[in-house]
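These notes concern the structure reproduced below.
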2 protein chains.
Amino acid sequence: MKKYLAIYHDLLSDIQAKKFEAGEILPSNQQLVLRYGVSRETVRKAMQLLADEGYIQTIRGKGSLVLDNERLLFPLSTIKSYQEIVDQNNLKSQSRILKEVSHVLVPDRLRFGSPAIYAQLIVRERIVSGEPTILDYDYVNEAITPDIPLKSGDSLFNYFEEKRGFNIDYAVKHLTVESAEYDDCHYLKIDQSVPMLVVRSETHLADNRILAYTESRHRGDKFSSVEFARRHH
Amino acid sequence: MKKYLAIYHDLLSDIQAKKFEAGEILPSNQQLVLRYGVSRETVRKAMQLLADEGYIQTIRGKGSLVLDNERLLFPLSTIKSYQEIVDQNNLKSQSRILKEVSHVLVPDRLRFGSPAIYAQLIVRERIVSGEPTILDYDYVNEAITPDIPLKSGDSLFNYFEEKRGFNIDYAVKHLTVESAEYDDCHYLKIDQSVPMLVVRSETHLADNRILAYTESRHRGDKFSSVEFARRHH
DNA sequence: CAGTGGTCTAGACCACGGG
DNA sequence: CCGTGGTCTAGACCACTGC
(Lines give C-alpha, C1' and ligand atoms only; values in the text may rest on other atoms or scores of the structure.)
Protein backbone atom coordinates (compact mmCIF):
# COMPACT_ATOMS: atom_id res chain seq x y z
CA MET A 1 0.00 0.00 0.00
CA LYS A 2 0.81 3.72 -0.05
CA LYS A 3 2.82 4.09 -3.21
CA TYR A 4 4.35 7.44 -2.28
CA LEU A 5 5.89 5.96 0.86
CA ALA A 6 7.34 3.09 -1.14
CA ILE A 7 8.96 5.55 -3.56
CA TYR A 8 10.17 7.69 -0.66
CA HIS A 9 11.84 4.74 1.04
CA ASP A 10 13.26 3.48 -2.22
CA LEU A 11 14.91 6.80 -3.08
CA LEU A 12 16.02 7.36 0.51
CA SER A 13 17.80 4.05 0.70
CA ASP A 14 19.54 4.83 -2.60
CA ILE A 15 20.67 8.16 -1.17
CA GLN A 16 21.88 6.59 2.05
CA ALA A 17 23.66 3.85 0.09
CA LYS A 18 25.42 6.61 -1.85
CA LYS A 19 23.96 5.57 -5.17
CA PHE A 20 23.26 9.28 -5.35
CA GLU A 21 26.03 11.48 -3.95
CA ALA A 22 25.54 14.95 -2.50
CA GLY A 23 25.48 17.45 -5.36
CA GLU A 24 23.94 15.05 -7.85
CA ILE A 25 20.50 15.50 -9.37
CA LEU A 26 17.85 12.84 -8.83
CA PRO A 27 15.87 11.47 -11.79
CA SER A 28 13.21 13.96 -12.87
CA ASN A 29 9.58 13.66 -11.86
CA GLN A 30 8.71 12.42 -15.32
CA GLN A 31 11.37 9.70 -15.23
CA LEU A 32 10.10 8.55 -11.85
CA VAL A 33 6.54 8.52 -13.16
CA LEU A 34 7.65 6.07 -15.83
CA ARG A 35 9.90 4.03 -13.53
CA TYR A 36 7.26 3.48 -10.87
CA GLY A 37 4.17 3.58 -13.06
CA VAL A 38 2.36 6.13 -10.92
CA SER A 39 0.99 9.61 -11.46
CA ARG A 40 3.15 12.66 -11.07
CA GLU A 41 1.41 13.91 -7.92
CA THR A 42 2.33 10.63 -6.24
CA VAL A 43 5.97 11.06 -7.20
CA ARG A 44 5.86 14.60 -5.87
CA LYS A 45 4.52 13.46 -2.50
CA ALA A 46 7.60 11.27 -2.12
CA MET A 47 9.88 14.14 -3.16
CA GLN A 48 8.25 16.49 -0.71
CA LEU A 49 8.93 14.09 2.15
CA LEU A 50 12.59 13.89 1.13
CA ALA A 51 12.78 17.67 0.91
CA ASP A 52 11.02 18.23 4.25
CA GLU A 53 13.52 16.02 6.00
CA GLY A 54 16.56 17.66 4.45
CA TYR A 55 17.69 14.93 2.09
CA ILE A 56 17.15 16.88 -1.12
CA GLN A 57 16.56 20.42 -2.31
CA THR A 58 14.22 20.90 -5.25
CA ILE A 59 15.26 23.66 -7.64
CA ARG A 60 12.77 24.78 -10.25
CA GLY A 61 14.02 24.47 -13.79
CA LYS A 62 16.95 22.30 -12.73
CA GLY A 63 15.95 19.26 -10.73
CA SER A 64 16.16 17.72 -7.28
CA LEU A 65 19.58 18.19 -5.72
CA VAL A 66 20.86 15.64 -3.22
CA LEU A 67 22.11 17.43 -0.10
CA ASP A 68 24.94 16.49 2.21
CA ASN A 69 23.12 14.54 4.86
CA GLU A 70 26.18 13.02 6.48
CA ARG A 71 25.82 15.28 9.39
CA LEU A 72 22.20 14.85 10.41
CA LEU A 73 22.95 13.67 13.90
CA PHE A 74 20.55 13.48 16.79
CA PRO A 75 17.89 15.80 15.39
CA LEU A 76 15.42 17.00 18.01
CA SER A 77 12.76 17.95 15.50
CA THR A 78 11.96 14.40 14.46
CA ILE A 79 10.57 11.57 16.54
CA LYS A 80 13.28 8.97 16.49
CA SER A 81 13.90 6.31 19.07
CA TYR A 82 17.36 6.16 20.57
CA GLN A 83 17.86 2.88 18.76
CA GLU A 84 17.02 4.44 15.39
CA ILE A 85 19.53 7.23 15.95
CA VAL A 86 22.22 4.76 16.96
CA ASP A 87 21.55 2.62 13.91
CA GLN A 88 21.55 5.52 11.46
CA ASN A 89 24.83 6.88 12.72
CA ASN A 90 26.65 3.59 13.20
CA LEU A 91 27.35 4.41 16.82
CA LYS A 92 28.52 1.89 19.33
CA SER A 93 26.09 2.09 22.15
CA GLN A 94 24.54 0.11 24.98
CA SER A 95 21.52 0.72 27.15
CA ARG A 96 21.06 -0.37 30.73
CA ILE A 97 17.85 -0.36 32.77
CA LEU A 98 18.43 1.34 36.10
CA LYS A 99 14.98 1.32 37.58
CA GLU A 100 11.44 0.21 36.83
CA VAL A 101 8.44 1.25 38.89
CA SER A 102 4.73 0.75 38.29
CA HIS A 103 1.84 3.08 39.07
CA VAL A 104 3.79 6.30 39.45
CA LEU A 105 2.25 9.74 39.17
CA VAL A 106 3.96 11.74 36.39
CA PRO A 107 5.78 14.71 37.99
CA ASP A 108 4.63 18.27 37.27
CA ARG A 109 7.82 19.35 35.54
CA LEU A 110 7.15 16.92 32.71
CA ARG A 111 3.56 17.81 32.01
CA PHE A 112 3.40 21.53 31.20
CA GLY A 113 -0.23 21.82 32.17
CA SER A 114 -1.47 18.47 30.87
CA PRO A 115 -3.54 16.44 33.34
CA ALA A 116 -1.75 14.17 35.80
CA ILE A 117 -1.77 10.46 34.94
CA TYR A 118 -0.45 7.25 36.39
CA ALA A 119 2.39 5.65 34.51
CA GLN A 120 5.00 2.95 34.51
CA LEU A 121 8.43 4.53 35.01
CA ILE A 122 11.47 3.12 33.25
CA VAL A 123 14.87 4.70 33.89
CA ARG A 124 17.71 3.84 31.54
CA GLU A 125 21.23 4.99 30.90
CA ARG A 126 22.73 5.16 27.43
CA ILE A 127 26.38 4.34 27.11
CA VAL A 128 28.07 5.85 24.05
CA SER A 129 31.64 4.83 23.21
CA GLY A 130 31.94 3.20 26.61
CA GLU A 131 30.92 6.31 28.49
CA PRO A 132 27.53 6.81 30.19
CA THR A 133 26.16 9.90 28.47
CA ILE A 134 22.38 10.06 28.67
CA LEU A 135 19.80 9.35 31.38
CA ASP A 136 16.28 8.59 30.11
CA TYR A 137 13.15 8.66 32.26
CA ASP A 138 10.15 7.21 30.41
CA TYR A 139 6.71 7.52 31.98
CA VAL A 140 4.37 5.32 29.95
CA ASN A 141 0.62 5.91 30.31
CA GLU A 142 -0.83 2.95 32.24
CA ALA A 143 -4.28 3.57 30.78
CA ILE A 144 -2.91 2.74 27.34
CA THR A 145 -0.42 -0.01 27.99
CA PRO A 146 0.24 -1.39 31.47
CA ASP A 147 2.97 -3.90 32.27
CA ILE A 148 5.57 -3.49 29.55
CA PRO A 149 7.78 -6.56 29.27
CA LEU A 150 11.21 -5.04 28.79
CA LYS A 151 14.55 -6.60 28.31
CA SER A 152 17.64 -4.50 28.56
CA GLY A 153 18.25 -4.04 24.85
CA ASP A 154 14.68 -3.41 23.76
CA SER A 155 13.41 -0.25 22.19
CA LEU A 156 10.21 1.14 23.70
CA PHE A 157 9.13 2.58 20.36
CA ASN A 158 9.65 -0.72 18.65
CA TYR A 159 7.46 -2.37 21.26
CA PHE A 160 4.71 0.22 20.87
CA GLU A 161 4.65 0.21 17.10
CA GLU A 162 5.55 -3.33 16.12
CA LYS A 163 4.26 -5.38 19.02
CA ARG A 164 1.26 -3.31 20.00
CA GLY A 165 0.34 -1.61 16.73
CA PHE A 166 0.13 1.86 18.26
CA ASN A 167 0.24 4.75 15.87
CA ILE A 168 2.61 7.40 17.18
CA ASP A 169 1.80 10.74 15.61
CA TYR A 170 3.59 13.66 17.22
CA ALA A 171 5.51 14.93 20.20
CA VAL A 172 6.02 18.29 21.86
CA LYS A 173 9.56 18.76 23.20
CA HIS A 174 10.89 21.28 25.67
CA LEU A 175 14.62 21.98 25.70
CA THR A 176 16.46 23.54 28.61
CA VAL A 177 19.97 23.70 30.05
CA GLU A 178 20.10 22.74 33.71
CA SER A 179 22.56 21.85 36.45
CA ALA A 180 23.45 18.24 37.11
CA GLU A 181 21.29 16.59 39.75
CA TYR A 182 22.23 13.88 42.18
CA ASP A 183 21.24 11.04 39.81
CA ASP A 184 23.12 12.63 36.91
CA CYS A 185 26.30 12.78 38.97
CA HIS A 186 25.80 9.32 40.40
CA TYR A 187 25.01 7.39 37.21
CA LEU A 188 26.94 9.40 34.65
CA LYS A 189 29.96 9.79 36.93
CA ILE A 190 30.20 13.54 36.56
CA ASP A 191 30.26 16.39 39.04
CA GLN A 192 27.76 19.18 39.51
CA SER A 193 29.70 21.62 37.36
CA VAL A 194 28.80 19.75 34.16
CA PRO A 195 25.68 21.35 32.61
CA MET A 196 22.91 19.04 31.37
CA LEU A 197 20.89 19.46 28.18
CA VAL A 198 17.40 18.34 29.18
CA VAL A 199 14.67 17.35 26.71
CA ARG A 200 11.19 16.80 28.14
CA SER A 201 8.65 15.43 25.72
CA GLU A 202 5.02 14.47 25.52
CA THR A 203 4.31 11.79 22.92
CA HIS A 204 0.85 11.55 21.35
CA LEU A 205 -0.93 8.81 19.44
CA ALA A 206 -2.87 9.31 16.22
CA ASP A 207 -6.08 9.61 18.27
CA ASN A 208 -4.40 12.35 20.34
CA ARG A 209 -4.13 10.36 23.58
CA ILE A 210 -0.84 10.82 25.43
CA LEU A 211 1.23 7.67 25.21
CA ALA A 212 4.18 8.74 27.32
CA TYR A 213 6.16 11.51 28.95
CA THR A 214 9.93 11.35 28.63
CA GLU A 215 12.79 13.21 30.24
CA SER A 216 16.13 12.82 28.46
CA ARG A 217 19.13 14.22 30.30
CA HIS A 218 22.28 14.61 28.19
CA ARG A 219 25.76 15.42 29.44
CA GLY A 220 26.19 18.97 28.11
CA ASP A 221 29.87 18.46 27.34
CA LYS A 222 29.03 15.48 25.11
CA PHE A 223 25.84 16.82 23.58
CA SER A 224 25.62 17.60 19.89
CA SER A 225 22.63 17.89 17.61
CA VAL A 226 22.18 18.78 13.96
CA GLU A 227 18.85 20.16 12.83
CA PHE A 228 17.45 20.81 9.40
CA ALA A 229 15.04 23.72 9.05
CA ARG A 230 13.02 24.88 6.07
CA ARG A 231 11.73 28.39 5.47
CA HIS A 232 8.01 28.55 4.79
CA HIS A 233 6.62 31.59 3.04
CA MET B 1 -1.26 33.63 -6.30
CA LYS B 2 -0.81 30.30 -4.53
CA LYS B 3 -4.26 29.53 -3.25
CA TYR B 4 -3.12 26.92 -0.73
CA LEU B 5 -0.89 29.44 1.02
CA ALA B 6 -3.75 31.93 1.18
CA ILE B 7 -5.96 29.29 2.81
CA TYR B 8 -3.13 28.29 5.16
CA HIS B 9 -2.57 31.86 6.32
CA ASP B 10 -6.29 32.48 6.61
CA LEU B 11 -6.87 29.46 8.85
CA LEU B 12 -3.68 30.09 10.81
CA SER B 13 -4.67 33.63 11.64
CA ASP B 14 -8.08 32.38 12.78
CA ILE B 15 -6.36 29.85 15.03
CA GLN B 16 -3.98 32.42 16.44
CA ALA B 17 -6.85 34.85 16.96
CA LYS B 18 -8.62 32.11 18.95
CA LYS B 19 -11.56 31.91 16.58
CA PHE B 20 -10.79 28.22 16.85
CA GLU B 21 -9.77 27.07 20.32
CA ALA B 22 -7.55 24.09 21.09
CA GLY B 23 -9.71 20.97 21.07
CA GLU B 24 -12.14 22.28 18.47
CA ILE B 25 -12.55 20.73 15.02
CA LEU B 26 -11.85 22.86 11.95
CA PRO B 27 -14.39 22.99 9.09
CA SER B 28 -14.18 19.81 7.01
CA ASN B 29 -12.29 19.61 3.74
CA GLN B 30 -15.57 19.71 1.84
CA GLN B 31 -16.75 22.83 3.66
CA LEU B 32 -13.45 24.55 2.89
CA VAL B 33 -13.71 23.51 -0.76
CA LEU B 34 -17.03 25.33 -0.92
CA ARG B 35 -15.91 28.30 1.15
CA TYR B 36 -12.78 29.00 -0.90
CA GLY B 37 -13.98 27.70 -4.27
CA VAL B 38 -10.95 25.48 -4.82
CA SER B 39 -10.37 21.77 -5.31
CA ARG B 40 -10.00 19.42 -2.39
CA GLU B 41 -6.29 18.73 -3.00
CA THR B 42 -5.64 22.45 -2.66
CA VAL B 43 -7.45 22.54 0.66
CA ARG B 44 -5.46 19.53 1.79
CA LYS B 45 -2.15 21.22 0.96
CA ALA B 46 -3.07 24.00 3.35
CA MET B 47 -4.09 21.49 6.02
CA GLN B 48 -0.85 19.59 5.66
CA LEU B 49 1.16 22.74 6.27
CA LEU B 50 -0.84 23.42 9.43
CA ALA B 51 -0.32 19.81 10.56
CA ASP B 52 3.42 19.82 9.78
CA GLU B 53 3.93 22.89 11.91
CA GLY B 54 1.99 21.55 14.86
CA TYR B 55 -1.11 23.73 14.70
CA ILE B 56 -3.58 20.92 14.01
CA GLN B 57 -3.81 17.15 14.14
CA THR B 58 -5.86 15.46 11.43
CA ILE B 59 -7.84 12.44 12.62
CA ARG B 60 -9.40 10.20 10.01
CA GLY B 61 -13.14 9.84 10.30
CA LYS B 62 -13.39 12.74 12.74
CA GLY B 63 -11.84 15.92 11.45
CA SER B 64 -8.94 18.32 11.99
CA LEU B 65 -8.32 18.97 15.66
CA VAL B 66 -6.83 22.29 16.73
CA LEU B 67 -3.85 21.68 19.03
CA ASP B 68 -2.65 23.77 21.94
CA ASN B 69 -0.05 25.93 20.27
CA GLU B 70 0.32 28.43 23.07
CA ARG B 71 3.67 27.05 23.95
CA LEU B 72 5.54 26.99 20.65
CA LEU B 73 8.41 29.18 21.80
CA PHE B 74 11.74 29.63 20.10
CA PRO B 75 11.61 26.51 17.90
CA LEU B 76 14.99 25.55 16.45
CA SER B 77 13.52 23.46 13.67
CA THR B 78 12.05 26.37 11.77
CA ILE B 79 13.81 29.30 10.17
CA LYS B 80 12.51 32.29 12.02
CA SER B 81 14.23 35.59 12.46
CA TYR B 82 14.68 36.83 15.98
CA GLN B 83 12.19 39.57 15.19
CA GLU B 84 9.54 37.05 14.10
CA ILE B 85 9.95 35.08 17.33
CA VAL B 86 9.70 38.23 19.42
CA ASP B 87 6.56 39.32 17.56
CA GLN B 88 4.84 35.95 17.82
CA ASN B 89 5.41 35.66 21.53
CA ASN B 90 4.72 39.26 22.47
CA LEU B 91 8.12 39.57 24.12
CA LYS B 92 9.67 42.84 25.10
CA SER B 93 13.01 42.90 23.44
CA GLN B 94 15.69 45.19 22.06
CA SER B 95 18.68 44.58 19.84
CA ARG B 96 21.95 46.46 19.87
CA ILE B 97 24.74 46.32 17.30
CA LEU B 98 28.07 45.71 19.01
CA LYS B 99 30.39 45.41 16.05
CA GLU B 100 30.40 45.55 12.26
CA VAL B 101 33.37 44.47 10.15
CA SER B 102 33.67 44.02 6.39
CA HIS B 103 35.66 41.43 4.48
CA VAL B 104 36.16 38.90 7.26
CA LEU B 105 37.01 35.25 6.66
CA VAL B 106 34.35 33.00 8.21
CA PRO B 107 35.96 30.98 11.05
CA ASP B 108 36.33 27.21 10.75
CA ARG B 109 34.06 26.38 13.67
CA LEU B 110 31.06 27.81 11.80
CA ARG B 111 31.57 26.05 8.51
CA PHE B 112 31.59 22.28 9.15
CA GLY B 113 33.55 21.53 6.03
CA SER B 114 31.97 24.09 3.71
CA PRO B 115 34.44 26.23 1.76
CA ALA B 116 35.83 29.37 3.35
CA ILE B 117 34.26 32.63 2.16
CA TYR B 118 34.60 36.32 2.86
CA ALA B 119 31.75 37.91 4.70
CA GLN B 120 30.49 40.98 6.44
CA LEU B 121 30.38 40.35 10.19
CA ILE B 122 27.62 41.83 12.31
CA VAL B 123 27.62 41.23 16.06
CA ARG B 124 24.46 41.99 18.01
CA GLU B 125 23.15 41.47 21.48
CA ARG B 126 19.51 40.70 22.20
CA ILE B 127 18.07 42.15 25.37
CA VAL B 128 15.04 40.29 26.71
CA SER B 129 13.09 41.77 29.61
CA GLY B 130 15.87 44.26 30.20
CA GLU B 131 18.55 41.59 30.44
CA PRO B 132 21.17 40.88 27.75
CA THR B 133 20.54 37.21 26.91
CA ILE B 134 21.78 36.34 23.43
CA LEU B 135 24.88 37.19 21.40
CA ASP B 136 24.47 36.85 17.62
CA TYR B 137 27.35 36.72 15.14
CA ASP B 138 26.12 36.98 11.56
CA TYR B 139 28.59 36.40 8.73
CA VAL B 140 26.84 37.46 5.53
CA ASN B 141 28.31 36.21 2.24
CA GLU B 142 29.92 39.20 0.50
CA ALA B 143 29.60 37.52 -2.89
CA ILE B 144 25.82 37.68 -2.55
CA THR B 145 25.20 40.96 -0.81
CA PRO B 146 28.03 43.29 0.18
CA ASP B 147 27.55 46.44 2.24
CA ILE B 148 24.39 45.89 4.21
CA PRO B 149 22.90 49.15 5.43
CA LEU B 150 21.84 48.31 8.95
CA LYS B 151 20.14 50.34 11.57
CA SER B 152 19.97 49.06 15.09
CA GLY B 153 16.39 47.81 15.01
CA ASP B 154 16.48 46.19 11.58
CA SER B 155 16.00 42.51 10.89
CA LEU B 156 18.56 40.93 8.58
CA PHE B 157 15.99 38.46 7.24
CA ASN B 158 13.57 41.24 6.49
CA TYR B 159 16.29 43.05 4.56
CA PHE B 160 17.19 39.93 2.57
CA GLU B 161 13.64 38.95 1.71
CA GLU B 162 11.77 42.22 1.44
CA LYS B 163 14.43 44.67 0.28
CA ARG B 164 16.58 42.34 -1.79
CA GLY B 165 14.09 39.68 -2.90
CA PHE B 166 16.28 36.77 -1.84
CA ASN B 167 14.58 33.44 -1.48
CA ILE B 168 15.73 31.77 1.74
CA ASP B 169 15.12 28.04 1.53
CA TYR B 170 16.76 26.07 4.31
CA ALA B 171 19.32 26.05 7.10
CA VAL B 172 21.43 23.43 8.82
CA LYS B 173 21.82 24.07 12.53
CA HIS B 174 24.32 22.63 14.99
CA LEU B 175 23.48 22.74 18.68
CA THR B 176 26.03 22.43 21.45
CA VAL B 177 26.47 23.36 25.08
CA GLU B 178 29.70 25.27 25.74
CA SER B 179 31.42 27.32 28.38
CA ALA B 180 31.05 31.07 28.40
CA GLU B 181 33.82 32.89 26.50
CA TYR B 182 35.29 36.28 27.19
CA ASP B 183 32.75 38.12 24.99
CA ASP B 184 29.84 36.25 26.58
CA CYS B 185 30.95 37.30 30.04
CA HIS B 186 31.71 40.84 28.94
CA TYR B 187 28.55 41.66 27.01
CA LEU B 188 26.03 39.47 28.82
CA LYS B 189 27.42 40.36 32.26
CA ILE B 190 27.77 36.76 33.39
CA ASP B 191 30.66 34.74 34.74
CA GLN B 192 32.36 31.72 33.22
CA SER B 193 30.31 29.24 35.24
CA VAL B 194 27.14 29.98 33.22
CA PRO B 195 26.87 27.43 30.37
CA MET B 196 25.99 28.70 26.89
CA LEU B 197 23.62 27.05 24.42
CA VAL B 198 25.27 27.65 21.06
CA VAL B 199 23.46 27.38 17.70
CA ARG B 200 25.64 27.57 14.60
CA SER B 201 23.76 27.69 11.33
CA GLU B 202 24.37 27.79 7.62
CA THR B 203 21.56 29.50 5.70
CA HIS B 204 20.97 28.59 2.05
CA LEU B 205 19.09 30.31 -0.75
CA ALA B 206 16.67 28.59 -3.11
CA ASP B 207 19.52 28.18 -5.62
CA ASN B 208 21.57 26.48 -2.88
CA ARG B 209 24.16 29.25 -2.47
CA ILE B 210 25.11 30.00 1.13
CA LEU B 211 23.70 33.33 2.20
CA ALA B 212 25.12 33.48 5.70
CA TYR B 213 26.69 31.71 8.65
CA THR B 214 25.33 32.56 12.06
CA GLU B 215 26.45 31.83 15.60
CA SER B 216 23.80 32.42 18.25
CA ARG B 217 25.02 32.19 21.83
CA HIS B 218 22.26 31.92 24.46
CA ARG B 219 22.65 32.19 28.22
CA GLY B 220 22.00 28.59 29.26
CA ASP B 221 20.18 29.59 32.41
CA LYS B 222 17.72 31.67 30.37
CA PHE B 223 17.39 29.33 27.39
CA SER B 224 14.15 27.59 26.61
CA SER B 225 12.85 26.10 23.39
CA VAL B 226 9.72 24.21 22.44
CA GLU B 227 9.83 21.92 19.41
CA PHE B 228 7.10 20.11 17.54
CA ALA B 229 8.03 16.77 15.96
CA ARG B 230 6.02 14.47 13.74
CA ARG B 231 6.51 10.76 13.34
CA HIS B 232 6.92 9.65 9.72
CA HIS B 233 6.27 6.05 8.85
C1' DC C 1 -25.17 4.66 6.95
C1' DA C 2 -23.35 9.34 6.02
C1' DG C 3 -19.42 12.16 6.79
C1' DT C 4 -14.63 12.54 7.56
C1' DG C 5 -9.72 12.49 6.11
C1' DG C 6 -6.01 9.67 3.08
C1' DT C 7 -4.50 8.23 -1.41
C1' DC C 8 -4.25 8.30 -6.31
C1' DT C 9 -5.11 9.63 -11.11
C1' DA C 10 -4.68 12.13 -15.81
C1' DG C 11 -4.33 16.18 -17.37
C1' DA C 12 -3.59 21.17 -17.51
C1' DC C 13 -1.06 25.56 -17.11
C1' DC C 14 2.70 28.24 -15.03
C1' DA C 15 7.66 29.81 -13.76
C1' DC C 16 12.23 29.04 -14.16
C1' DG C 17 16.90 27.27 -15.95
C1' DG C 18 20.02 26.36 -19.48
C1' DG C 19 21.46 25.58 -24.05
C1' DC D 1 13.26 26.42 -27.13
C1' DC D 2 12.61 22.23 -24.15
C1' DG D 3 12.83 20.09 -19.74
C1' DT D 4 12.48 20.97 -15.07
C1' DG D 5 9.68 21.52 -10.76
C1' DG D 6 5.19 24.13 -8.69
C1' DT D 7 0.27 24.64 -8.63
C1' DC D 8 -4.38 23.31 -9.45
C1' DT D 9 -8.42 20.63 -10.97
C1' DA D 10 -12.41 17.14 -10.92
C1' DG D 11 -13.18 12.97 -9.85
C1' DA D 12 -12.49 8.38 -7.89
C1' DC D 13 -11.91 4.86 -4.26
C1' DC D 14 -10.55 3.60 0.44
C1' DA D 15 -10.45 3.49 5.79
C1' DC D 16 -12.23 5.13 9.66
C1' DT D 17 -15.65 7.46 13.02
C1' DG D 18 -19.96 7.97 15.05
C1' DC D 19 -24.72 7.61 15.07
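The chains referred to below are lettered A, B, ... by the order of the sequence lines, with proteins before strands, and numbering in each begins at 1. Please read these numbers as outputs of a predicted model, since none were measured by experiment.
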Is there a side-chain polar atom (N or O) of B:Ser64 under 4.0 Å from OP1 or OP2 of C:dT4?
no
Can you find a side chain N or O atom of A:Ser39 that sits less than 4.0 Å from OP1 or OP2 on C:dG11?
no
Base C:dG6 paired with B:Arg40 side chain (donor-acceptor, <3.5 Å):
yes
Does the ring centre of A:His232 sit less than 6.0 Å away from the ring centre of B:Tyr8?
no
If you assign each of B:Gly61 and A:Leu5 to its closest nucleotide in DNA chain C, which residue comes earlier from the 5' end?
B:Gly61
Using a strict 4.0 Å threshold on nitrogen-to-oxygen distance, state whether A:Glu202 and A:Lys173 make a salt bridge.
no
Between A:Arg44 and B:Thr42, which residue's closest nucleotide on DNA chain D lies nearer the 5′ terminus?
A:Arg44
Are any non-hydrogen side-chain atoms of A:Met47 and A:Asn29 less than 4.5 angstrom apart?
yes
Can B:Lys62 and A:Asp207 be counted as an ion pair, charged N to O under 4.0 angstrom?
no
Rounded to the nearest angstrom, tell me the gap between atom CG in B:Asp169 and atom C1' in D:dG6.
13 Å
Rounded to whole Å, please give me the gap between CZ in A:Arg60 and P in D:dG5.
12 Å
B:Lys62 atom NZ is separated from C:dG3 atom C1', nearest whole Å, by 14 Å
Is A:Asp52 paired with A:Arg230 through a side-chain N to carboxylate O contact shorter than 4.0 Å?
no
Checking A:Arg126 against A:Tyr82: charged group under 6.0 Å from the ring centre and within 45 degrees of the axis?
yes
Given atom CD of A:Gln48 and atom P of D:dG5, what is their separation to the nearest angstrom?
14 Å
Using whole Å, report how far CG of A:Leu49 lies from C1' of C:dT7.
13 Å
Given D:dG5, C:dA10, D:dT7, identify the nucleotide with an atom nearest to the side chain of B:Lys45.
D:dT7
Round to the nearest Å and state the distance from B:Ile7 atom CD1 to D:dT7 atom P.
13 Å
Stacked cation flag B:Arg231 on A:Tyr170, 6.0 angstrom / 45 deg:
no
Residues in residues 26-38 of chain A with a heavy atom under 4.0 Å of DNA chain D, by number, are A:Ser28, A:Asn29
When you measure from the side chain of A:Tyr4, which nucleotide among C:dA10, D:dG6, C:dT7 comes out closest?
C:dT7
Tell me: NZ of A:Lys2 to P of C:dC8, nearest whole Å?
9 Å
Please give, in whole Å, the distance from C:dA15 P to B:Asn167 CG?
15 Å
